[in-house]
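Shown next, in structure tokens, is the structure this report addresses.
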Amino acid sequence: MTEFPQEFLDLLNSVQAKRPKTVIQHILKHGYITSEELKNVYGYNHPPRAVRDVRELGIPIITYRVTGEDGRSIAAYKFGDPADAKNTLAKSAGRTVLSKALKQALIDKYGSKCFVYLETMDSSILQVDHRIPYEIGGEHDEADIDYYMLLSPSANRAKSWTCEHCENWERKDAYFCMHCFWAHPEQYEHVAGKPEKMIALIFTDDEIEDYNKLISLSGEEDAQRAIKDMIHRYLNE
């Protein structure tokens with residue numbers, strides 16, 4: 001196992017939160033941890049989120065690729081240069097849990113709805129997120145609520161996964177993020193760097209029967225194409 005400076009080891013061992021501690025202790029024991037192990041051994045269905053927890057504590061983590069049990073290329077994670085922890089500790093340690101007052105201010109201004117799905121939801125379900133990922137844009141004063149957004153849990157997971165797999169995750173260009181769907185779905189130029197437009201459709205109540213009919217007629221894989229065709233025909237009638 002790689003020898004680390006005592007100061008770095010003290011930082012690693014000071015972590016008590018279950019998810020980042022699990023990642024840290026596994027890497028300390030085995031030298032690395034894979035997305036496969038995070039999911040299959042520890043039950044974390046979103047491995048990048050678990051690794052992100054560690055990074056947010058100011059601990060450098062390197063992502064690379066290894067071959068999984070089924071022969072596919074999968075992500076693996078190991079500690080980066082311990083010296084980098086000294087450069088990021090101040091910023092990471094300064095991150096605070098977003099307050100209930102901020103959440104209420106967003107609800108008062110925009111309503112109790114997910115910014116991505118545009119669905120009204122119980123406020124207890126909604127989560128506050130930085131429009132520009134903290135890892136790229138840093139922290140902002142909660143008094144300026146337009147730096148934040150309300151997301152449903154599923155939208156938050158989708159945004160997290162997309163951002164962490166975006167080319168800008170390493171480049172860290174906040175201007176790039178400002179023009180992305182996942183930061184400003186109300187007005188954007190691209191979706192994670194791709195010249196695309198998105199509409200999130202949610203079927204509820206009586207609409208579920210429409211959804212079932214759509215899947216029955218088109219099949220799940222072709223449902224999106226079927227919807228696009230119907231819209232095209234409607235707009236060109």
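Atom set for the values below is all heavy atoms of this structure, side chains included, hydrogens, waters and symmetry mates excluded.
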Rounded to the nearest 0.5 Å, what separates atom [atom1] in [X] from atom [atom2] in [Y]?
X: Lys172; Y: Ile132; atom1: NZ; atom2: CD1; result: 12.5 Å
X: His46; Y: Leu38; atom1: NE2; atom2: CG; result: 11.0 Å
X: Arg49; Y: Asn156; atom1: CZ; atom2: CG; result: 8.0 Å
X: Met178; Y: Gln187; atom1: CE; atom2: CD; result: 10.5 Å
X: Gln127; Y: Ser154; atom1: CD; atom2: OG; result: 9.0 Å
X: Ile107; Y: Met121; atom1: CD1; atom2: CE; result: 12.0 Å

Does [Y] offer a backbone N or O that forms a donor-acceptor pair with the side chain of [X] under 3.5 Å?
X: Asp84; Y: Pro60; result: no
X: Asn236; Y: His232; result: yes
X: Glu142; Y: Ser99; result: yes
X: Glu36; Y: Glu69; result: yes
X: His179; Y: Tyr175; result: yes
X: Lys197; Y: Tyr188; result: yes
X: Lys29; Y: Ile24; result: no
X: Ser14; Y: Leu11; result: yes
X: Thr22; Y: Lys18; result: yes
X: Glu209; Y: Asp206; result: no

Using a 4.5 Å cut-off on heavy atoms from C-beta on, say whether the side chain of [Y] contacts that of [X].
X: Leu102; Y: Ile145; answer: yes
X: Tyr117; Y: Ser152; answer: yes
X: Lys39; Y: Asn45; answer: yes
X: Cys177; Y: Trp182; answer: no
X: Val41; Y: Ile33; answer: no
X: Gln25; Y: Asn13; answer: yes
X: Leu28; Y: Leu9; answer: yes
X: Thr34; Y: Val66; answer: yes

- Item | Shortest non-hydrogen contact between Pro133 and Trp169, atoms and distance |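 Pro133 and Trp169 have their closest heavy atoms at CB-CZ3, 3.9 Å.
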
- Query: Which heavy atom of Ala192 sits nearest a heavy atom of Cys180, and at what distance?
  - Reply: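 Minimum heavy-atom contact is N-SG, 3.3 Å.
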
- Greater than 12 external heavy atoms within 6.0 Å of Gln6's CD: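 Atom CD in Gln6 is crowded, with more than 12 foreign heavy atoms closer than 6.0 Å.
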
- Item | Glu119, CD: over 12 other non-hydrogen atoms inside 6.0 angstrom |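 Result for CD/Glu119: enclosed.
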
- May I ask you to decide if the ring planes of Phe115 and Tyr110 are parallel, tilted or perpendicular, using 30° and 60° as cut-offs?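 Taking Tyr110 first and then Phe115, their aromatic rings stand perpendicular (interplane angle over 60°).
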
- Parallel, tilted or perpendicular: ring planes of Tyr32 versus Tyr64, cut at 30 and 60 degrees: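 Correct class here is perpendicular.
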
[X]-[Y] co-clustered via ILVMFWY side chain contacts under 4.5 Å:
X: Ile231; Y: Met198; value: no
X: Phe176; Y: Ile136; value: no
X: Ile199; Y: Val191; value: no
X: Tyr211; Y: Ile227; value: yes
X: Ile215; Y: Ile208; value: no

- Item | Chi angles and distances behind the side chain to side chain contact (heavy atoms under 4.5 Å, CB included) call for Leu150, Val128 | CA-CA 5 Å; Leu150 293 167; Val128 179; 4.0 Å; yes

- Leu151: which of Leu126, Ile125, Asp129 passes side-chain contact (heavy atoms from CB on, under 4.5 Å):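 It is Asp129; the other options fail the test.
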
- Report yes or no: do Ser73 and Arg65 form a side-chain donor-acceptor pair below 3.5 Å?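 Yes, side-chain donor-acceptor contact under 3.5 Å.
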
Mind checking whether [X] and [Y] have ring centres under 6.0 Å apart?
X: His26; Y: Tyr42; value: yes
X: His130; Y: Tyr147; value: no
X: His165; Y: Trp161; value: yes

- Message: Taking the six-membered ring of Tyr148 as reference, does the cationic atom of Lys103 (NZ for Lys, CZ for Arg) lie under 6.0 Å from its centre and within 45° of its axis?
- Response: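 Not satisfied by the 6.0 Å and 45° rule.
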
- Task: Show your working on salt bridge (Lys or Arg N to Asp or Glu O under 4.0 Å) between Glu186 and Arg131 and close with a plain yes or no.
- Result: CA-CA 12 Å; Glu186 67 275 19; Arg131 285 184 180 268; 3.2 Å; yes

Salt-bridged, [X] to [Y], with N to O below 4.0 Å?
X: Arg233; Y: Asp229; result: no
X: Arg157; Y: Glu164; result: no
X: Asp146; Y: Lys109; result: yes

- In a check of salt bridge (Lys or Arg N to Asp or Glu O under 4.0 Å) between Glu135 and each of Arg52, Arg171, Arg55, which one passes?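 Between Glu135 and the candidates, salt bridge (Lys or Arg N to Asp or Glu O under 4.0 Å) is satisfied uniquely by Arg52.
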
- Message: Evaluate Phe181 against His190 for side chain to side chain contact (heavy atoms under 4.5 Å, CB included), listing each step before the verdict.
- Response: CA-CA 6 Å; Phe181 168 82; His190 61 84; over 6 Å; no

- What do the steps show when you test Val54 against Ile27 for side chain to side chain contact (heavy atoms under 4.5 Å, CB included), and what is the final call? CA-CA 11 Å; Val54 179; Ile27 297 176; over 6 Å; no

- Task: Tell me, please, which residues at least two apart from Phe79 pass ring pair (Phe, Tyr, Trp, His ring centres under 6.0 Å).
- Result: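 With sequence neighbours excluded, Phe79 shows a ring pair (Phe, Tyr, Trp, His ring centres under 6.0 Å) to Phe4, Phe8, given in chain and number order.
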
